[in-house]
Novice: 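Just dropping this structure here.
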Number of protein chains: 2
Amino acid sequence: MRNENKPVYLKLRDIIAAAILDGDFSEGAMLPSVRAFAAQQGANPLTVAKAYQLFQDDGMVQVKRGVGLFVARGAVAKLRKSEKQNFLKNVWPDVKAQMDRAGIRPSELLEDC
Amino acid sequence: MRNENKPVYLKLRDIIAAAILDGDFSEGAMLPSVRAFAAQQGANPLTVAKAYQLFQDDGMVQVKRGVGLFVARGAVAKLRKSEKQNFLKNVWPDVKAQMDRAGIRPSELLEDC
DNA sequence: ATAACTGAATGAGTGCCATAATACAGTAGG
DNA sequence: CCTACTGTATTATGGCACTCATTCAGTTAT
């Protein structure tokens, strides 16, 4: 697998990012507290905090100390753009090389286009 | 990046796999010795041995102790099949999910089809 | 025999990850 | 005020994966 070999704090980051992109948390909405999310995911609160920290560094999550963490304005578009750039720059080249080596044609993967 | 965060022995594995799939080493041919390949790649011989070990475990590389490592019969087809199955089962689902979340359409990535 | 090459095992060192146990700091509500 | 909730900092610890230096073991050619 690919998600299994990833550190917990990065897996948590992905879960949060997916939730934000899926609209589970609108902009301005409060995210689950560190302790609550830790309990829900069966993880350590500090590990959750480390995951949240990644979003704070990018300004996608605003912290109101003593209150909670909130999805920043414009975070959804910013996150989607960031995810896209990362995919095109870091993920896709390797994926394409892997496909070429394995002899996989794109038509095997897609129904449309 | 993605290859940068990967352990050296897995990067070496990929290099070897690509070389075999590209036909740089035909079936029955001797692979570079552990020390030679290590020197060539600027890696430690034991790390190279660990990479080679992965192929031995799958029976794609035959070892003649004291002589060298050789590409096993049927290894190319076996390797290509293995790479394909791994891609379809472990890589592609995550990649597709990532594309959907980031709003990337397949047509942005492919010229043909 | 001996030199020069092969792969392989043992053990140690290193760094990241995850956790635990506290303690601290800020905010809201009764 | 006080309680209960927020996020955060500190320190220590255990575990695990990766890497490597050393050494051993097998083969071949001279």
Side-chain angles (χ1 to χ4, degrees), chain A residues 1-17 19-20 24-73 75, chain B residues 1-17 19-20 24-72 75 90:
Chain A
M1 311 274 176
R2 208 164 195 84
N3 266 338
E4 319 310 313
N5 299 340
K6 208 181 288 187
V8 174
Y9 80 101
L10 287 181
K11 286 194 282 187
L12 295 175
R13 191 220 81 103
D14 285 348
I15 293 176
I16 299 161
I20 293 178
D24 294 345
F25 301 104
S26 308
E27 300 187 359
M30 179 175 162
L31 292 162
S33 79
V34 167
R35 292 171 177 84
F37 193 56
Q40 173 190 333
Q41 295 291 331
N44 188 284
L46 281 87
T47 306
V48 172
K50 189 172 182 179
Y52 275 142
Q53 186 65 44
L54 297 173
F55 293 100
Q56 297 180 38
D57 295 342
D58 290 339
M60 298 175 187
V61 159
Q62 190 179 8
V63 49
K64 294 182 184 173
R65 188 147 191 197
V67 183
L69 296 166
F70 299 82
V71 180
R73 287 200 319 140
Chain B
M1 312 272 176
R2 206 163 196 87
N3 265 337
E4 320 310 314
N5 299 341
K6 205 183 286 186
V8 174
Y9 80 101
L10 286 182
K11 286 194 281 189
L12 294 174
R13 191 221 81 104
D14 285 348
I15 294 175
I16 299 161
I20 293 178
D24 294 346
F25 302 104
S26 307
E27 301 186 358
M30 180 176 161
L31 292 162
S33 80
V34 167
R35 289 172 179 81
F37 192 58
Q40 174 190 333
Q41 295 291 330
N44 188 281
L46 279 84
T47 307
V48 172
K50 188 171 183 179
Y52 275 142
Q53 186 65 43
L54 298 173
F55 294 100
Q56 297 179 38
D57 296 341
D58 291 338
M60 296 176 188
V61 159
Q62 190 178 7
V63 50
K64 295 183 186 172
R65 187 152 191 192
V67 182
L69 296 166
F70 300 84
V71 181
N90 301 327

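In the text below, chain A, chain B and the rest are named by the order of the sequence lines, each starting its count at 1. Keep in mind that the numbers below use all heavy atoms, side chains included, and drop hydrogens, waters and symmetry copies. Nothing here was measured: the structure is a model prediction, and the numbers come from that model.
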Novice: Would you say B/Ile16 and B/Ile20 make side-chain contact, with heavy atoms under 4.5 Å?
Specialist: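 A side-chain contact under 4.5 Å exists here.
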Novice: Does A/Pro45 or B/Ser33 map to a spot on DNA chain C nearer the 5' end, using the closest nucleotide for each?
Specialist: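 Closest to the 5' end, via its nearest nucleotide, is B/Ser33.
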Novice: Rounded to whole Å, how long is the line connecting atom CG of B/Leu46 with atom P of C/dA9?
Specialist: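 Whole-Å distance recorded here is 11 Å.
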Novice: Counting only side-chain nitrogens and oxygens, does B/Gln56 get under 4.0 Å of the OP1 or OP2 atom of C/dG7?
Specialist: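 Looking at the OP1 and OP2 atoms of C/dG7, neither is under 4.0 Å from any side-chain N or O of B/Gln56.
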Novice: Expressed as a whole number of angstroms, how long is the span from A/Arg13:CZ to C/dC17:C1'?
Specialist: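 So the CZ-C1' distance, A/Arg13 to C/dC17, works out to 18 Å.
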Novice: Once you round it to whole Å, what is the distance between P of D/dC5 and CG of A/Leu69?
Specialist: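 Roughly 17 Å, once rounded to whole Å.
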Novice: Could you state the atom-to-atom distance from CG of A/Leu12 to C1' of C/dT19 in whole Å?
Specialist: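 Whole-Å distance recorded here is 14 Å.
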Novice: What N/O pairs connect the protein and nucleotides 14-19 of chain D at under 3.5 Å? Give each pair on its own line.
Specialist:
residue, atom, partner, partner atom, Å
D/dC18, OP1, B/Tyr9, OH, 3.3
D/dC18, OP2, B/Tyr9, OH, 3.2
D/dT19, OP1, B/Val8, N, 2.7
D/dT19, OP2, B/Tyr9, N, 3.4

Novice: Rounded to whole angstrom units, what separation is found between the CZ atom of A/Arg35 and the P atom of C/dA25?
Specialist: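 So the two atoms are 15 Å apart, to the nearest Å.
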Novice: Please name all residues satisfying side-chain hydrogen bond (donor to acceptor under 3.5 Å, both in side chains) with B/Gln40, sequence neighbours left out, ordered by chain then number.
Specialist: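 Here no residue qualifies.
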Novice: Below 4.5 Å, heavy atoms only, C-beta onward: do B/Val63 and B/Tyr52 meet side chain to side chain?
Specialist: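 No, side chains not in contact.
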Novice: Pull out every protein N or O sitting under 3.5 Å from an N or O of nucleotides 26-30 of chain C, one pair per line with the distance.
Specialist:
residue, atom, partner, partner atom, Å
C/dG26, N2, A/Gly66, O, 2.8

Novice: Just to be sure I understand the rule, does A/Gln53 reach a base, reach only the sugar-phosphate, or reach nothing, if contact means heavy atoms closer than 4.0 Å?
Specialist: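 Answer is nothing: A/Gln53 stays at 4.0 Å or more from every strand.
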Novice: Atom CG of A/Leu54 and atom C1' of D/dG7: how far apart are they, to the nearest Å?
Specialist: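 It works out to 16 Å between those atoms.
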Novice: Please give, in whole Å, the distance from C/dG7 C1' to B/Ile16 CD1?
Specialist: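 Those two atoms, CD1 and C1', are 14 Å apart.
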